[in-house]
A.B. asks: 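Structure below; questions to follow.
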Protein chains: 4
Amino acid sequence: MYGYGTDKKDLQDRLRRIEGQIRGLQRMVDQDQYCIDILTQVNSATAALRAVGLRLLDDHVRHCVKDSIERGGGDEKVEELLAAVARFAGR
Amino acid sequence: MYGYGTDKKDLQDRLRRIEGQIRGLQRMVDQDQYCIDILTQVNSATAALRAVGLRLLDDHVRHCVKDSIERGGGDEKVEELLAAVARFAGR
Amino acid sequence: MYGYGTDKKDLQDRLRRIEGQIRGLQRMVDQDQYCIDILTQVNSATAALRAVGLRLLDDHVRHCVKDSIERGGGDEKVEELLAAVARFAGR
Amino acid sequence: MYGYGTDKKDLQDRLRRIEGQIRGLQRMVDQDQYCIDILTQVNSATAALRAVGLRLLDDHVRHCVKDSIERGGGDEKVEELLAAVARFAGR
């Protein structure tokens, strides 16, 4: 059972909104809207995606990592988490 | 006429691929896939969106900003560009 | 006792190198060097600082967070960690 | 003559403050302060360095790039600027 299970609906809602933003971007390009306005919308979709990423990290630490450590293991989970944080933080 | 006009097809292709990635994410959540795998996919979609942002900035500088400066103006465009770079770079 | 204790020398070495980079930047500005070259050096110092941040997060998870969870607590540490990751990742 | 010339004093003041923050970090590590507090200070120094980077980009566009375009050239400057923005924005 996965950490994000309980928040599945929230994650799906966020992803659907982001899908709508991406389709909105396609319309803006199609209508030759001003590039700075499109860029603003790109930044907004990027921020929404990063919020999904943080939410996933959050669920992961609260459930998978915590459970593994409580069961006496968790070293592998801790390694995996740190690698994921490094990639997420962009280096 | 807008700076990204000539690259409209490339931009649309990128946006369609990103839309596909977002729908892929919805499937991964639906199938209870492992959070770290979903996070990897989120990072990949975020990188693709940021590449679209850079492409828009690129077109904007090469066309709108350059044209305005050549026509003897451009101060407003330069301000707008710098504000957009600051937001894009995340502060 | 703190998580970064064992790596104190490594952290101090990194911070001293970054201090040297910052002083190098002051010299570059003083000598009117080319802004793009200075910016390259700024990016390099920023990357070095972020590597220190990741190292601190790493030690923190491996020691403080893991210990707290093993002692049956850890919820507060998990909250604190997630807030720190969010700030570090830039939102 | 360089774009940041007029703001040299402001840049030097910022860099000196950042140098002070880095030395403060060395003291915090030396005194075994709590890793999350040190990380907060790392984030603050990183933000200050990025503000210096933005300031350099700003001066560069307002002076070097604008001047080159006005003199009928500027393509090379525009390329260089876009590469710098891409590195600064972290990809």
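Just so it is clear, the model here is predicted, and its values are computed rather than measured.
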A.B. asks: Check whether Lys8(B) reaches the backbone of Asp30(A) with its side chain - one donor and one acceptor, N or O, closer than 3.5 Å.
C.D. replies: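 Present.
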
A.B. asks: Please look at Arg55(B) and chain A and tell me whether the side chain, the backbone, both or neither of the residue comes under 4.5 angstrom of a heavy atom of that chain.
C.D. replies: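 Neither part.
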
A.B. asks: Establish, from distance only, whether the side-chain atoms of Gln12(B) and Gln26(A) form a donor-acceptor pair under 3.5 Å.
C.D. replies: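 Side-chain D/A pair, Gln12(B) to Gln26(A): absent.
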
A.B. asks: Under 4.5 Å from any heavy atom of chain B, what part of Arg16(A) do you find: side chain, backbone, both or neither?
C.D. replies: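 For Arg16(A), heavy atoms of backbone and side chain both lie under 4.5 Å from chain B.
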
A.B. asks: Phe88(B) and Gly53(B): which non-hydrogen atoms are nearest, and at how many Å?
C.D. replies: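 Where Phe88(B) meets Gly53(B) most closely, the heavy atoms are CE1-CA, 3.8 Å.
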
A.B. asks: Under a 4.5 Å heavy-atom cutoff, which of Val42(B), Leu15(B), Leu25(B), Thr40(B) has the most pairs with chain A?
C.D. replies: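 Heavy-atom pair counts peak at Leu15(B).
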
A.B. asks: Can Asp13(A) and Arg17(A) be counted as an ion pair, charged N to O under 4.0 angstrom?
C.D. replies: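 Salt bridge absent between Asp13(A) and Arg17(A).
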
